[in-house]
Amino acid sequence: MINYNGDIIKISEVPLTIENRAFKFGDGIFETIKIQNGKVVFFEDHYFRLMASMRMLRMKIPMKFTLEFLENEIARVAEQFSEKKLRARLTVYRKDGGLYAPKTNEIDYVIDVKPVSTEAKEKYVLDLYKDFYNYSGMLSTIKTTNRMLNTIASVYAQENDIDNCILLNERKGVAEVTNGNIFIVKGNTIKTPALTEGCIKGIVRKKVIELLEKNDDYTIEETTISPFEIQKADEVFITNAIIGVQPVTNYRKKEFKTEISEKIQKSLNFVSITG
């Protein structure tokens, strides 16, 4: 069962047509949201990112799209599951019609929920994907439904028996990974690509930065990162909304420690429960 414009219906009953703009033009955006023990985790941050993205893409925001309304719409689907760990995807797209220029800026929305594992993997292998680039600019910070680069990089990872790939921007700097943001640790300095490097404006990225800014033991930098810095790092970790923090254990011939990554994950878990 899913939530389509407020109606709880079967997936087979969703009235998506060949004119669907998310299908034809990638004219949609989405939020991937973790639900744990009935709580929609970090939803306020997801909500404000969604609103900012809709404004940037000139979608008409319905008056009823309040934080409370959308959180309740997600909960209506989640309550059908007995599992304690769930993954919700809220997709918003312009209504059918038009070519590149839409007939309307009004929107439809779909919320689907699935059980999910939220545990980080013990061994996690990372490598570079260099065939195509993730172009920098503010549009790259939005989670649009056009994720072709992420898809083909994920296929590359499958073909090469690795867990994930680093995506580079057009300047050959590190942007992100296929399913989240990346951080590198060197001594007491922790770096992550700046938003101007072409990375997604990740919710957990934001939370980790906030945690580190309050911790006098570390310095956090949002900056340009070269792929060569990864091999010199003490630790590398990935963040996304579902796993939280995934420590990287291997990058090419380099093996990493995971001590700091695991500490950050524990701190993040505490914030997600109490925040």
Side-chain angles (χ1 to χ4, degrees), residues 1-16 20-22 27-57 59-95 106-120 142-145 147 179-181 200-208 210-211 239-246 265-275:
M1 305 295 283
I2 65 156
N3 186 325
Y4 175 76
N5 287 340
D7 296 324
I8 305 298
I9 60 177
K10 296 179 181 178
I11 293 176
S12 59
E13 297 172 345
V14 180
L16 299 182
N20 180 272
R21 293 189 60 84
D27 188 11
I29 53 178
F30 68 98
E31 291 288 328
T32 303
I33 302 160
K34 181 178 180 179
I35 304 171
Q36 188 149 333
N37 298 322
K39 179 183 178 182
V40 185
V41 178
F42 300 143
F43 186 66
E44 184 174 298
D45 296 278
H46 283 286
Y47 174 77
F48 286 117
R49 182 173 69 173
L50 176 67
M51 294 299 103
S53 299
M54 290 180 72
R55 291 188 192 98
M56 189 182 296
L57 297 182
M59 293 177 172
K60 185 175 181 180
I61 301 174
M63 290 293 292
K64 65 181 179 181
F65 261 35
T66 63
L67 186 151
E68 293 77 13
F69 171 80
L70 287 176
E71 188 170 16
N72 183 63
E73 290 295 279
I74 294 169
R76 290 175 63 206
V77 187
E79 66 188 11
Q80 300 176 66
F81 294 83
S82 59
E83 291 88 350
K84 293 184 177 181
K85 297 178 181 180
L86 302 170
R87 175 187 185 275
R89 173 169 164 147
L90 166 59
T91 306
V92 175
Y93 50 92
R94 253 180 282 258
K95 288 181 178 290
E106 294 184 348
I107 59 94
D108 289 320
Y109 68 92
V110 175
I111 301 167
D112 64 283
V113 175
K114 293 181 176 66
V116 68
S117 171
T118 61
E119 300 301 320
I142 299 175
K143 296 192 75 170
T144 70
T145 53
R147 313 309 296 169
N179 66 342
N181 298 104
I200 285 288
K201 194 175 183 180
I203 300 304
V204 176
R205 173 188 183 275
K206 175 176 178 285
K207 292 298 182 182
V208 168
E210 289 173 354
L211 284 170
T239 62
N240 66 38
I242 302 303
I243 300 299
V245 174
Q246 170 64 63
Q265 176 68 301
K266 289 179 182 178
S267 297
L268 184 69
N269 288 341
F270 179 78
V271 171
S272 68
I273 294 170
T274 61

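The chain is numbered in sequence order, starting from 1.
- With sequence neighbours excluded, the residues forming a side-chain contact (heavy atoms from CB on, under 4.5 Å) with A88 are I33, I35, I74, V113, listed by chain and number.
- Atom-to-atom distance recorded for L86:CG and N37:CG is 9.5 Å, nearest 0.5 angstrom.
- Taken from CD1 in I111 to CG in N5, the straight-line distance is 9.5 Å, to the nearest 0.5 Å.
- Among residues two or more places apart in sequence or in another chain, the side chain to side chain donor-acceptor pair (under 3.5 Å) test is passed with E44 by none.
- When the side-chain contact (heavy atoms from CB on, under 4.5 Å) test is applied to P62, the partners found at least two apart in sequence or on another chain are M54, K64, F65, I107.
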### Task
Take Q80 and I8, measure what side-chain contact (heavy atoms from CB on, under 4.5 Å) needs, and give me the verdict at the end.
CA-CA 10 Å; Q80 300 176 66; I8 305 298; 3.5 Å; yes
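- In this structure the side chain of K84 never reaches within 4.5 angstrom of the side chain of Q36, judged on heavy atoms.
- Checked against side chain to side chain donor-acceptor pair (under 3.5 Å), T91 has the following partners two or more places apart in sequence or in another chain: R89.
- For E73, the side chain to side chain donor-acceptor pair (under 3.5 Å) partners two or more places apart in sequence, or in a different chain, are N3, R76, Y109.
- In this structure K85 satisfies the salt bridge (charged side-chain N to carboxylate O under 4.0 Å, His left out) test together with E119, sequence neighbours excluded.
- Taking the side chain as every heavy atom from C-beta outward, V40 and H46 never approach each other to under 4.5 Å.
- One finds the NZ atom of K266 at 14.5 Å from the CG atom of L211 (value rounded to the nearest 0.5 Å).
- M59 has its side chain within reach of R94: a pair of non-hydrogen atoms, C-beta onward, lies under 4.5 Å apart.
- Taking K95 as the reference, D108 meet the salt bridge (charged side-chain N to carboxylate O under 4.0 Å, His left out) condition, with sequence neighbours excluded.
- With rounding to the nearest 0.5 angstrom, the OH atom of Y47 is 10.5 Å from the CZ atom of F69.
- Applying the side-chain contact (heavy atoms from CB on, under 4.5 Å) test to I242 and every residue at least two apart in sequence or in another chain returns T32, K34, R87, V116, T118, N240.
- Under the side-chain contact (heavy atoms from CB on, under 4.5 Å) criterion, I2 pairs with Y4, I9, I11, V14, V110, D112, sequence neighbours left out.
- The shortest non-hydrogen separation linking F43 to L70 is CZ-CB, 3.8 Å.
- By the 4.5 Å heavy-atom criterion applied to side chains, T145 and Y93 are not counted as neighbours.
- Contact detail for R147 and I142: the closest heavy-atom pair is NH1-O, 3.6 Å.
- Checked against salt bridge (charged side-chain N to carboxylate O under 4.0 Å, His left out), K60 has the following partners two or more places apart in sequence or in another chain: E106.
- Every residue meeting the side chain to side chain donor-acceptor pair (under 3.5 Å) condition with R21, not counting sequence neighbours, appears here in chain and number order: D27.
- No side-chain heavy atom of I29 sits less than 4.5 Å from a side-chain heavy atom of K143.
- A search for salt bridge (charged side-chain N to carboxylate O under 4.0 Å, His left out) contacts involving E71 returns nothing, not counting sequence neighbours.
- Checking side-chain atoms of Q265 against main-chain N and O of I243 turns up a donor-acceptor pair under 3.5 Å.
- Note that CE of M51 and CG of L67 are 9.0 Å apart. Values are rounded to the nearest 0.5 Å.
- Between Q246 atom CD and N179 atom CG the span is 9.0 Å, to the nearest 0.5 Å.
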